[in-house]
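The shown structure was predicted, so the numbers you read here are calculated from the model rather than taken from an experiment.
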Amino acid sequence: VTYSYDGVTSTAKVTVKDKQTAVNVHDSTIYIGDDWKAEDNFDSALDKDGNTVDFSKLTVDDSKKDTSKAGTFGVTYSYDGVT
């Protein structure tokens with residue numbers, strides 16, 4: 001970007017970077033009645049600059065969790081628009 005005023009010119013560089021935001025989780029198998037928490041399937045998360053994000057910063061939807069019966073339930077982990 002070039003700025004000019006009254007014969008004086010200055011140039012500024014604008015760098016556009018890819019976002020490195022990521023949320024990494026894994027599937028697991030448990031047995032009826034086992035204790036389970038969303039952190040058990042969390043591997044890692046990165047912010048847009050590639051820095052590690054703590055689990056507490058994620059939004060987790062485990063509303064379909066039911067460990068009282070056999071079956072499969074989905075859990076959604078989200079951070080900064082990445083799910």
Subject >> salt bridge (Lys or Arg N to Asp or Glu O under 4.0 Å) against Asp61, all qualifying residues, sequence neighbours excluded >> reply: none
Determine all donor-acceptor pairs shorter than 3.5 Å in which one atom belongs to a side chain in residues 22-33; sequence neighbours excluded.
from	atom 1	to	atom 2	distance (Å)
Asn24	ND2	Ser44	OG	2.9
His26	ND1	Asn41	O	3.2
His26	ND1	Asp43	OD1	2.8
His26	ND1	Asp43	OD2	3.4
His26	NE2	Asp40	O	3.4
Ser28	OG	Asn41	OD1	3.3
Ser28	OG	Asn41	ND2	2.9

**OP:** May I ask you to check whether over 12 heavy atoms, not counting those of Asp34, lie within 6.0 Å of atom CG?
**Re:** yes
Original post:
Counting heavy atoms not belonging to Asp49, are there more than 12 under 6.0 Å from its CG?
Top reply: yes
Can you list, pair by pair, the side-chain donor-acceptor contacts under 3.5 Å of residues 76-83, counting residues two or more places apart and other chains?
from	atom 1	to	atom 2	distance (Å)
Tyr77	OH	Ala38	O	2.7
Ser78	OG	Thr83	OG1	3.1

Subject >> Connected via hydrophobic side-chain network under 4.5 Å: Val16 and Val1 >> reply: no
**OP:** Salt-bridge test for Asp47 and Lys19: reply yes if a basic N is under 4.0 Å from a carboxylate O, no otherwise.
**Re:**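 No, no charged N to carboxylate O under 4.0 Å.
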Subject >> Within-4.5 Å side-chain heavy-atom neighbours: Phe42 and Val60 >> reply: no
Subject >> Any Asp62 side-chain heavy atom under 4.5 Å of Trp36 side chain >> reply: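 Yes - at least one pair of side-chain heavy atoms lies under 4.5 Å apart.
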**OP:** Walk me through it: do Asn51 and Leu46 pass the test side chain to side chain contact (heavy atoms under 4.5 Å, CB included)?
**Re:** CA-CA 5 Å; Asn51 300 309; Leu46 301 174; over 6 Å; no
Original post:
When rounded to the nearest 0.5 angstrom, what is the spacing between CD in Glu39 and CZ in Phe55?
Top reply: 4.5 Å
